[in-house]
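Numbering of ligands and ligand atoms starts at 1, following listing order.
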Amino acid sequence: MSETFDVIVIGAGPGGYVCALRAAQLGLKVACVEKRATLGGTCLNIGCIPSKALLQSSENFHAAQSALADHGVMVKGITLDLSRMQARKEEVVSANVKGVEFLFKKNKVTWLKGAARIARPGVVAVDGAEYAAKHIVIATGSESVPLPGVEVDETRIVTSTGGLALDAVPKHLVVIGGGYIGLELGSVWRRLGAEVTVIEFLDRLVPTMDGEISKAFERILAKQGMKFRLQTKVTGARVEKKTVILSLEPAKGGKAEEISADIVLLAIGRRPYVEGLGLTEIGVARDERGRIKTDEHYATSVAGIYAIGDVIAGPMLAHKAEEEGVALAEILAGQAGHVNYGAIPGVVYTWPEAACVGATEESLREAGTAYRVGKFPFTANGRARAMGETEGFVKLLADEKTDRLLGAHIIGPDAGTLIAELVTAIEFGASAEDVARTSHAHPSLSEAVKEAALAVAGRALHI
Ligand SMILES: Cc1cc2nc3c(=O)[nH]c(=O)nc-3n(C[C@H](O)[C@H](O)[C@H](O)COP(=O)(O)OP(=O)(O)OC[C@H]3O[C@@H](n4cnc5c(N)ncnc54)[C@H](O)[C@@H]3O)c2cc1C
């Protein structure tokens with residue numbers, strides 16, 4: 001045995017590296033195995049961080065081209081230097097992944113470089129060496145879901161990884177999948193000048209979001225020039241020279257047609273990634289969708305082996321993985337770690353942003369819960385007007401009898417930041433009235449949140 005640890009975490013994404021850091025903080029001897037050349041997982045290398053870097057850069061380009069003129073800022077001769085934009089993205093990624101390496105050193109977490117296999121309970125093999133651990137944590141994340149008939153080459157037909165690294169703006173980008181990754185990357189390339197068509201099997205975008213937000217989202221993005229083909233399925237793709245020809249059909253079946261693109265982005269979802277871990281051999285149970293089954297303490301069906309993050313059930317989000325990493329480290333250290341799954345926000349970082357937490361109107365109706373709705377549009381918010389960002393609204397859902405906040409949904413400027421207040425409110429079990437009676441700085445976008453809370457009781461002031 002090369003070395004013995006209290007905890008070996010497999011995978012250094014936001015679930016794994018945060019779990020390793022927290023376990024080390026709590027005095028455990030920790031190693032984290034990562035096969036990628038850099039730490040930080042999907043999120044830092046090919047997910048959240050590079051996508052947000054490009055979203056910011058493309059937003060700046062777009063503002064310089066159009067929105068600034070409205071403010072009397074006249075910019076002439078704007079050109080796009082895509083290679084500089086991509087280089088900046090790489091710099092942002094590099095700073096972040098190096099930050100995790102620094103944190104590992106600071107907290108004395110050993111990085112075992114290479115691909116891990118669980119040789120047997122209590123033993124992890126990495127490139128021929130074996131390491132013993134009291135606890136093994138699987139945090140190996142997820143990968144893009146393939147679509148039969150649409151073969152990814154990361155050049156013409158790309159996943160988000162290739163979609164983040166294009167070296168030219170496509171003339172026509174077809175995005176398969178109207179989820180958050182498709183809409184974010186679609187927005188990036190749309191702002192940089194591509195014609196963008198999004199093809200979605202279902203009858204709405206981002207189906208986990210509140211239906212009203214989904215509809216408003218579609219309308220706002222369509223105004224920005226994005227085209228949508230809902231209730232449509234892609235049945236195949238062929239590449240002819242520099243063109244990809246996709247075959248489409250109505251989702252329920254019907255007349256087939258073709259659409260051509262120079263780049264196709266496949267973004268129909270992600271699935272758990274467990275390749276090479278040896279789970280079948282050691283008997284770690286998985287569910288019908290390939291996710292590792294765990295109990296409420298993240299224990300798998302094999303004693304001493306745990307799993308967190310994208311590889312288990314729940315929303316595939318970095319902050320969800322992080323919360324699980326912290327909770328599990330605390331459980332392993334003998335404390336009482338816990339995650340409140342009712343208070344995990346979801347944000348789509350388009351502009352405007354769309355953000356949500358808790359119940360949707362659809363889920364409340366389905367559960368038969370009586371609720372009240374409070375809504376407030378950004379058109380009636382002074383700060384939003386000053387910014388020239390009046391698209392969207394805040395929508396709060398509260399229990400009809402107790403007034404307890406059950407869900408919050410925002411589409412509008414900085415929705416991803418505004419939602420944090422409502423996540424805290426839900427975490428604290430606040431009522432809509434609690435939010436309504438809290439002073440909010442003027443003039444701020446957050447006043448729209450306060451007004452929506454007032455609107456739950458039918459007493460919004462500024463509308
Ligand atoms: C384009 C894109 C944009 C996204 N944007 C957001 C966003 O804005 N906000 C958000 O919350 N989420 C976002 N996500 C999702 C987010 O990236 C994931 O939810 C998150 O990374 C999951 O963390 P994780 O720790 O479970 O796994 P991952 O981050 O996937 O990390 C798993 C790590 O395990 C390593 N690994 C796998 N197998 C082995 C092995 N056998 N041995 C050693 N190492 C191994 C992998 O190399 C990888 O580094 C985005 C994802 C994508 C693709």
Side-chain angles (χ1 to χ4, degrees), residues 8-21 31-56 89 93 96-97 100 111-119 124-127 131 136-145 158-165 175 177 179-188 265-279 291-292 298 307-326 328 344-350 353-355 416 419:
I8 295 181
V9 182
I10 305 174
Y17 87 71
V18 167
C19 182
L21 290 177
C32 183
V33 196
E34 175 53 61
K35 63 178 182 173
R36 198 189 294 271
T38 48
L39 300 172
T42 303
C43 172
L44 270 60
N45 289 281
I46 50 166
C48 323
I49 297 300
S51 57
K52 269 79 244 178
L54 286 187
L55 277 158
Q56 187 61 52
K89 177 202 77 184
V93 168
N96 277 276
V97 298
V100 178
W111 175 7
L112 300 174
K113 297 181 182 177
R117 182 175 53 82
I118 305 177
V124 174
V126 185
D127 288 346
Y131 301 87
I136 297 171
V137 178
I138 303 170
T140 49
S142 60
E143 61 180 354
S144 187
V145 172
V158 299
T159 64
S160 53
T161 305
L164 285 165
V175 180
Y180 74 94
I181 292 179
L183 296 182
E184 286 184 3
L185 285 182
S187 285
V188 165
L265 167 65
L266 181 61
I268 57 169
R270 297 185 60 82
R271 65 180 182 189
Y273 178 80
V274 294
E275 218 175 284
L277 282 175
L279 297 190
R291 302 174 297 194
I292 296 177
Y298 308 105
I308 54 169
D310 278 10
V311 86
I312 69 169
M316 287 184 165
L317 293 169
H319 43 285
K320 176 261 194 188
E322 286 187 38
E323 292 304 327
E324 291 176 343
V326 169
L328 176 57
I344 306 264
V347 180
V348 191
Y349 294 88
T350 46
E353 295 176 346
I419 201 76

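In this structure, the side chain of Glu34 does not engage the main chain of Leu39 through any donor-acceptor pair within 3.5 Å. With hydrogens and angles ignored, the 3.5 Å screen pairs a side-chain donor or acceptor of His319 with a backbone N or O of Pro345.
With respect to atom 40 (C) of ligand 1, the closest heavy atom belonging to the protein is Ala116 N, 3.6 Å. Annotation: atom 48 (C) of ligand 1 to nearest protein heavy atom, Glu34 OE1, 3.5 Å. Remark: minimum distance from atom 38 (N) of ligand 1 to any protein heavy atom is reached at Thr140 CG2, 3.3 Å. Ranking protein heavy atoms by distance to atom 45 (C) of ligand 1, first place goes to Lys35 CG, 3.8 Å. Of the protein's heavy atoms, Gly13 CA, 3.4 Å lies nearest to atom 31 (O) of ligand 1. For atom 27 (O) of ligand 1, the nearest non-hydrogen atom of the protein is Gly141 CA, 3.1 Å. The nearest protein atom to atom 29 (O) of ligand 1, hydrogens excluded, is given as Thr42 N, 2.9 Å; this is a heavy-atom distance.
Of all atoms in ligand 1, numbered sequentially from 1 with element shown, those under 4.0 Å from a heavy atom of Ser160 are 1 (C), 53 (C). Residue Gly11 has at least one heavy-atom neighbour below 4.0 Å for each of these atoms of ligand 1: 33 (C), 34 (O), 35 (C). Interface of Gly309 with ligand 1, defined as ligand atoms under 4.0 Å from a residue heavy atom, comprises 26 (O). Residue Tyr180 approaches ligand 1 through these ligand atoms, each under 4.0 Å from one of its heavy atoms: 4 (C), 5 (N), 6 (C), 13 (C), 14 (N), 15 (C), 50 (C), 51 (C). Residue contact check: Val33 has heavy atoms under 4.0 Å from atoms 43 (C), 44 (N) of ligand 1.
At a heavy-atom cutoff of 4.0 Å, ligand 1 is contacted by both the backbone and the side chain of Cys48. Looking at Ser142 against ligand 1, only its backbone comes within 4.0 Å, counting heavy atoms. Contacts between Tyr17 and ligand 1 below 4.0 angstrom, taking non-hydrogen atoms only, are absent altogether. Under 4.0 angstrom from ligand 1, the non-hydrogen atoms of Leu277 all belong to its side chain. Residue contacts with ligand 1, taken as heavy atom pairs separated by less than 4.0 Å, involve Ile10 solely via side-chain atoms from C-beta onward. For Lys52, every heavy-atom contact with ligand 1 shorter than 4.0 Å involves the side chain, none the backbone. Contacts of Cys43 with ligand 1, taken as heavy-atom pairs under 4.0 Å, involve both backbone and side chain. Residue contacts with ligand 1 for Asp310 involve both N, CA, C or O and side-chain atoms from C-beta outward (heavy atoms, distance under 4.0 Å). Only the side chain of Arg270 comes within 4.0 Å of ligand 1, judged by heavy-atom distances.
Using a non-hydrogen distance threshold of 4.0 Å, Gly114 registers as a contact of ligand 1. Contact annotation: Ala115 has at least one heavy atom less than 4.0 Å from an atom of ligand 1.
Of the polar atoms of Tyr349, none of the N or O atoms is found under 3.5 Å from an N or O of ligand 1, judged by distance alone.
The salt bridge (charged side-chain N to carboxylate O under 4.0 Å, His left out) test applied to Arg270 returns no partner, not counting sequence neighbours.
Counting heavy atoms only, Pro14 comes closest to atom 20 (C) of ligand 1 of the residues Ala321, Gly416, Pro14, Gly47.
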